[in-house]
Amino acid sequence: MSDLRDLARNASAWPFQEARGLLDERLKGQAPAKGFVLFETGYGPSGLPHIGTFGEVARTTMVRRAFELLAPGIPTRLFAFSDDRDGLRKVPDNIPNKEMVTQHLGKPLTAIPDPFGTHESFGHHNNARLRGFLDSFGFEYEFQSATDWYTSGRFDEGCLQVLRHYDPIMEVMLPTLGEERQQTYSPFLPVCPKTGKVLQVPVVERNVEAGTIVYKDEDGSFVEAPVTGGRVKLQWKADWAMRWFVLGVDYEMSGKDLIPSYQLASRICRIMGGTPPMNLSYELFLDEKGQKISKSKGNGLAVEDWLCYAPPESLALFMFQKPKAAKRLYFDVIPRTVDEYLTFLDKFPAEDDAKRLNNPVWHIHHGKPPQPETGLSYNILLNLASVCHAEDRAVLWHFISRYVPGATPVSAPILDRLVDYAVAYYKDFVKPGKRYRLPTADEAKALSDLAAELAALPAGSDAEAIQTVVYEVGKRHPAFAELKAWFQALYEILLGQDQGPRMGSFIALYGIGETVALIRRALAGEDLAV
RNA sequence: GAGCGCGUAGCUCAGUCGGUAGAGCAACUGACUUUUAAUCAGUAGGUCAUGGGUUCGAAUCCCAUCGCGCUCACCA
């Protein structure tokens, strides 16, 4: 086992590089005084969970697992921290009861009634969504609420520390702000006792002994408030720094848009006497055209889109690959990523331990990937679903068992799941593109002939025998100068596409009786698309 | 302006601590006395953006240049 640990010291996969940096540079090889290593991921207030949320937790977990292999004696924890004390700045478009929420603008999310009517507050609602999302992937984490930390007094010491170091913190912050904002900036945002809103107002006096500040209220009056007990929250960069200080966060990732914020928060954290966490800034995702993905634009892919057509492991692989390179995230990458996942899975058993630690599936499955199965790729499955009318998983399985003898849903559970994804893909992308046409008079004659011949075949005829029948029927109808036109007609009329599978194989698996029925429907002028 | 990333085959990209350039798709050739391709065999295509440096050896490490893109300068 210690061998594996040695290998982990040399593994080049990025989670190991990160974990080594954390252990050697930040921790100097020792468990921190608090007794465990703390990983953190943060969530903004507007935030319904999205694909970046998944990426951040998945990647942080990969570093955490790598760390655990490197330093098995040091416990680790992962906090998922929700900024639910933040004031709501604007009403999201995607919620009900917007008028009601509008009346509460500026209040902490946890002080706004839940527009969905299901939870104690809007903040609680979003928190529940976040947790449900993370739980659906089986992530191991501990949820934390900013409101909770502030109002319970657990942030008191942090807020007092900011008060004690007010001037140097202001010196760091002010040069980064525009002239106008400099006039009103303070790291403290009081929560107004009258309106309940989070105020961005100037602080005119500070009393370190008493632990209070005096601020100029929106109505012009001066109000003295303690910085403790949740009466103030901190402006976000100071908030971030204070949280690192109080919790002792050791590792936190963030998008590259937060690089300047991270640097600023780090300086504040040091002023307070803390050590900022080790940070990895990952690249943002781009859409097909290389534009930044944003929820408001609606470009790019949502997690739900991905998970409709591919398993979460493939999404985890996407997150594992090159976190520091801007990656295009659009539909076409899904099948490719699934197949890369399958390839890595296939290679894993034959690899030695050193190679295994660099294999993405080690990181996706925490060192214990499932057994590889049939070697059948997802792209093949998708093609198969497209050509064989696969609205039913059973139809697809018929084809698969011919292609991979012995494969069953029980012996190949991964493939079995992929079958469902392929069927979903077929229904959503292939089927709508199908254009069935009615047969011409000549084609109708030939089809009628074919139906009769097929019906006359002995039950259990094999694909070759059926193929011969199809071929001969086509040959004896002079309407088809080339046989190619006959097959083309079959595809267009029966399958609604200009290409298709070898008809003999298709009919054998789809069923002779079913095919005859399909032909009869076409002859009757029914719409096969229904 | 500051920061970050990218530049490898026609297209999309791999390339795991430096050791003779790879995959998928596309293209081309041939095979299966049956269209088709989830078939098989084979072919072609790259001065690894450019110029230097380190090295016995560089797509890989360092520096510079060019090109493309993103992020941040108000808020979180």
Side-chain angles (χ1 to χ4, degrees), chain A residues 9-14 16-17 20 42-47 83 86-90 175-182 184-185 189 198 200 235-237 239-240 254-264 281-286 288-293 321-328 330 332-333 335-337 339-340 343-344 351 354-360 376-388 396 399-400 402-404 463-464 466-472 474-475 480 482-491 495 497-506:
Chain A
R9 287 221 64 88
N10 295 307
S12 57
W14 69 264
F16 283 112
Q17 294 180 9
R20 283 197 297 270
Y43 308 93
S46 59
D83 285 320
D86 287 20
L88 182 68
R89 324 201 101 258
K90 63 174 185 185
T176 70
L177 300 169
E179 215 169 307
E180 203 174 320
R181 182 72 175 113
Q182 286 192 14
T184 60
Y185 183 83
L189 308 178
V198 181
Q200 293 202 25
Q235 189 277 339
W236 102 278
K237 283 162 197 160
D239 199 31
W240 212 10
S254 47
K256 83 164 178 186
D257 52 331
L258 294 187
I259 290 174
S261 301
Y262 169 80
Q263 290 166 339
L264 226 47
S281 49
Y282 52 85
E283 263 284 358
L284 276 23
F285 297 111
L286 309 176
E288 191 163 5
K289 290 174 227 142
Q291 302 292 307
K292 178 190 173 186
I293 286 185
Q321 289 167 326
K322 293 202 179 189
K324 290 181 116 162
K327 293 153 67 67
R328 293 186 184 191
Y330 57 99
D332 301 15
V333 305
R336 195 176 71 212
T337 307
D339 282 337
E340 284 172 5
T343 303
F344 284 123
E351 290 178 333
K355 284 212 162 202
R356 285 182 175 188
L357 293 184
N358 287 337
N359 187 322
L376 203 59
S377 80
Y378 188 51
N379 265 308
I380 285 179
L381 222 48
L382 291 181
N383 284 333
L384 194 52
S386 308
V387 299
C388 76
L396 210 41
F399 279 82
I400 293 167
R402 186 185 77 126
Y403 194 71
V404 186
E464 274 307 301
I466 297 170
Q467 180 73 9
T468 304
V469 168
V470 176
Y471 185 69
E472 281 172 3
K475 260 204 317 204
F480 307 105
E482 286 184 36
L483 232 29
K484 182 167 183 169
W486 164 234
F487 285 102
Q488 182 98 26
L490 287 176
Y491 297 134
L495 300 180
Q497 52 202 27
D498 56 11
Q499 286 186 0
R502 197 182 186 94
M503 285 310 291
S505 318
F506 173 73

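Labels below follow one simple rule: chain letters A, B, ... track the order of the sequence lines, proteins then strands, and each chain is numbered from 1.
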| Listed partners of A:Phe16 passing ring pair (Phe, Tyr, Trp, His ring centres under 6.0 Å), at least two apart | A:Trp362, A:His363
| task | With sequence neighbours left out, write down each residue that passes salt bridge (charged side-chain N to carboxylate O under 4.0 Å, His left out) with A:Asp239, or none if nothing qualifies. | result | A:Lys233, A:Arg243
| note | Those residues at least two apart in sequence (or on a different chain) that pass salt bridge (charged side-chain N to carboxylate O under 4.0 Å, His left out) with A:Arg9 are A:Asp24
| task | Please work out if A:Leu258 contacts a base, only the sugar-phosphate, or nothing of the nucleic acid, heavy-atom cut-off 4.0 Å. | result | base
| P atom, B:C74 versus B:C13: distance in rounded Å? | 34 Å
| C1' gap between B:A2 and B:G24, integer Å | 39 Å
| task | Side chain of A:Glu283 only, please: which of B:C17, B:C74, B:G5 is the nearest? | result | B:G5
| The side chain of A:Leu189 lies closest to which of these nucleotides: B:U71, B:A76, B:U16? | B:A76
| field | With sequence neighbours excluded, residues passing ring pair (Phe, Tyr, Trp, His ring centres under 6.0 Å) with A:Tyr262 | value | A:Trp244
| Those residues that, when tested against A:Gln235, pass side chain to side chain contact (heavy atoms under 4.5 Å, CB included) (two or more places apart) | A:Met173, A:Arg181, A:Tyr185, A:Leu189, A:Lys237
| So what's the dot-bracket for RNA chain B: Watson-Crick or G-U pairs under 3.5 Å, [ ] if a pair crosses, | if it pairs off-strand? | (((((((..((((.....[..)))).(((((.......))))).....(((((..]....))))))))))))....
| said: From CZ of A:Arg20 over to P of B:C17, roughly how many Å is that when rounded to an integer? | reply: 12 Å
| request: Taking atom P in both B:C62 and B:C25, compute the distance separating them and give it to the nearest angstrom. | output: 35 Å
| query | Considering only side-chain heavy atoms of A:Tyr471, which listed nucleotide, B:C17, B:U34, B:C74, is closest? | reply | B:U34
| query | For the side chain of A:Lys256, counting heavy atoms from C-beta on, which of B:C72, B:C17, B:G3 is nearest? | reply | B:G3
| field | Distance-only donor-acceptor test (3.5 Å): side chain A:Lys324, base B:C4 | value | no
N/O contacts under 3.5 Å, protein versus nucleotides 7-15 of chain B?
{"residue": "B:U12", "atom": "O2'", "partner": "A:Arg336", "partner atom": "NH1", "Å": "2.7"}

| note | The nucleotide from B:U71, B:A76, B:U16 with an atom nearest the side chain of A:Gln200 is B:A76
| query | B:U8 and B:A14: how far apart are their P atoms, nearest whole angstrom? | reply | 10 Å
| remark: By side chain to side chain contact (heavy atoms under 4.5 Å, CB included), A:Trp14 pairs with (sequence neighbours left out) A:Glu18, A:Arg59, A:Met62, A:Val63, A:Met253, A:Leu280, A:Phe320, A:Pro323
| field | Pairwise C1' distance, B:C61 and B:C28 [rounded to whole Å] | value | 40 Å
| task | Using the C1' atom on both, measure B:G19 against B:A27 and round to a whole Å. | result | 33 Å
| request: Name all residues meeting the side chain to side chain contact (heavy atoms under 4.5 Å, CB included) criterion together with A:Ile259; count only those two or more places apart in sequence or in a different chain, and write none if there are none. | output: A:Lys256, A:Gln263, A:Ser281
| said: Using the P atom as the point on both nucleotides, what is the distance between B:G10 and B:U47, in whole Å? | reply: 9 Å
| Distance between P atoms of B:A49 and B:U60 (Å, rounded) | 8 Å
